[in-house]
Amino acid sequence: MSILCLRDIGFADAETLLARHGLALARVADGAPIPGSYWGEPEAGIIGTTVYVRGDTPVHSMLHEACHLIVLPPERRAAVHTDATDSVAEEDATCYLQIVLADALPGVGSARLMADMDAWGYTYRLGSTRAWFEQDAEDARQWLLERGLLPRLPLAATPAPH
């Protein structure tokens with residue numbers, strides 16, 4: 001299974017999702033450098049409130065960088081260039097939120113996104129993204145809830161505490 005890229009999904013769907021959070025999604029020409037890319041091409045880049053991608057940018061990368069901006073207070077977003085993480089708590093919240101938001105993208109979903117995160121090389125104590133999300137991410141979930149960045153889900157839909 002290859003990692004799902006922006007060219008594999010509807011660009012307009014991704015653009016709409018980011019716009020709901022006050023972010024712009026900018027498409028960069030295939031083969032061109034991606035502005036603000038922390039990991040280098042083809043990974044997404046961030047500058048201010050804009051997420052930069054190409055067709056070969058992994059969906060998980062676009063969501064991850066967008067979520068870095070979403071978890072920041074709006075007054076901090078404008079100063080972001082390439083690296084937005086201030087703390088482990090923000091990084092964990094970013095990872096959690098990207099999994100949640102994947103369900104809002106047709107053809108993606110959280111299960112596929114977590115598989116792609118594992119394939120890319122995200123690492124967690126429990127050995128997989130899914131195990132982390134379901135059993136070890138209560139602190140990230142709580143961080144997001146306290147800031148109003150996560151919808152309150154019915155108890156049955158929330159990951160089991162560890």
Side-chain angles (χ1 to χ4, degrees), residues 1-18 20-21 23-72 77 80-141 143-144 149-150 159-160 162:
M1 170 179 86
S2 62
I3 291 177
L4 197 63
C5 293
L6 264 290
R7 68 174 165 252
D8 303 321
I9 69 167
F11 185 85
D13 293 330
E15 194 172 39
T16 299
L17 176 61
L18 270 58
R20 280 189 227 139
H21 296 278
L23 305 176
L25 184 62
R27 188 186 311 230
V28 176
D30 289 345
I34 298 176
S37 179
Y38 182 82
W39 295 101
E41 287 85 25
E43 303 301 321
I46 51 175
I47 300 174
T49 58
T50 302
V51 179
Y52 295 88
V53 297
R54 295 190 313 212
D56 63 344
T57 297
V59 173
H60 73 82
S61 177
M62 180 270 302
L63 282 173
H64 187 84
E65 297 307 327
C67 289
H68 268 302
L69 296 175
I70 293 167
V71 304
L72 289 177
R77 289 181 190 170
V80 170
H81 193 301
T82 308
D83 187 5
T85 298
D86 228 12
S87 68
V88 171
E90 282 181 6
E91 184 68 33
D92 289 349
T94 293
C95 289
Y96 192 96
L97 187 58
Q98 80 186 84
I99 294 165
V100 171
L101 292 184
D103 282 333
L105 286 174
V108 182
S110 61
R112 173 60 192 262
L113 192 84
M114 288 186 280
D116 284 358
M117 290 169 71
D118 287 343
W120 188 85
Y122 288 70
T123 58
Y124 297 98
R125 274 191 307 238
L126 299 181
S128 75
T129 303
R130 179 177 291 285
W132 171 78
F133 184 78
E134 293 175 351
Q135 302 168 37
D136 195 32
E138 181 58 30
D139 53 341
R141 186 178 166 282
W143 193 97
L144 291 163
L149 298 172
L150 194 63
H162 52 279

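Between the side chains of Asp118 and Ser128, no donor N or O sits under 3.5 Å from an acceptor N or O. At a cut-off of 3.5 Å, with distance as the only test, a side-chain donor of His64 or Glu91 sits close to an acceptor on the other residue.
Side chains of Met62 and Leu105 form a contact here, defined as non-hydrogen atoms less than 4.5 Å apart. Using a 4.5 Å heavy-atom threshold, the side chains of Glu43 and Tyr38 count as separate. Inter-residue side-chain proximity for Thr82 and Ile46 is flagged as unmet; no heavy-atom pair is nearer than 4.5 Å. By the 4.5 Å heavy-atom criterion applied to side chains, Tyr96 and Trp132 are counted as neighbours. The side-chain heavy atoms of Tyr124 and Cys95, taken from C-beta on, include a pair separated by under 4.5 Å. By the 4.5 Å heavy-atom criterion applied to side chains, Thr16 and Phe11 are not counted as neighbours. When side chains are defined from C-beta on, His21 counts as touching Leu101, because their heavy atoms get closer than 4.5 Å.
A distance of 11.5 Å separates CG of Leu23 from CD of Glu15, quoted to the nearest 0.5 Å. Atoms CD and CZ, on Glu41 and Arg54 in that order, are 5.0 Å from each other to the nearest 0.5 Å. We find the CG-CE distance between Leu63 and Met117 to be 9.5 Å, quoted to the nearest 0.5 Å. Interatomic distance, Asp92 CG to Leu144 CG, rounded to the nearest 0.5 Å: 10.0 Å. Of the inter-residue distances, the one linking Leu17 atom CG with Ile9 atom CD1 reads 9.0 Å to the nearest 0.5 angstrom. For the atom pair CG of Leu25 and OG1 of Thr49, the computed distance is 11.5 Å after rounding to the nearest 0.5 Å.
With Asp8 contributing its side chain and Cys5 its backbone, the two residues share a donor-acceptor pair below 3.5 Å. Remark: side-chain polar atoms of Ser110 are not paired, donor with acceptor, to backbone N or O of Val100 under 3.5 angstrom. Checking side-chain atoms of Thr94 against main-chain N and O of Glu90 turns up a donor-acceptor pair under 3.5 Å. Remark: the backbone N or O of His60 is not paired with any side-chain donor or acceptor of Asp116 at under 3.5 angstrom.
In terms of heavy-atom proximity, Ala104 sits nearest to Arg20 at CB-NH1, 4.3 Å. Taking every heavy atom of both residues into account, Pro33 and Val28 meet most closely at O-CG1, 3.3 Å. Nearest heavy-atom pair, Pro42 versus Thr57, reported as atom, atom and distance to 0.1 Å: O-OG1, 2.7 Å. Across all non-hydrogen atoms, the minimal contact from Pro35 to Ile47 is CB-CD1, 3.8 Å. In terms of heavy-atom proximity, Ser61 sits nearest to Ala44 at OG-N, 2.8 Å. Nearest approach of Ala24 to Leu18, heavy atoms of both residues: O-CD2, 4.2 Å.
With respect to the salt-bridge test (charged N to carboxylate O, under 4.0 angstrom), the residues Asp136 and Arg125 qualify.
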- Message: side chain to side chain contact (heavy atoms under 4.5 Å, CB included), that's the test. Do Val59 and Leu6 meet it? Break it down for me.
- Response: CA-CA 6 Å; Val59 173; Leu6 264 290; 4.3 Å; yes
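Between Trp39 and Trp120, the angle of the ring planes goes over 60°, which puts this pair in the perpendicular group of the 30/60° scheme.
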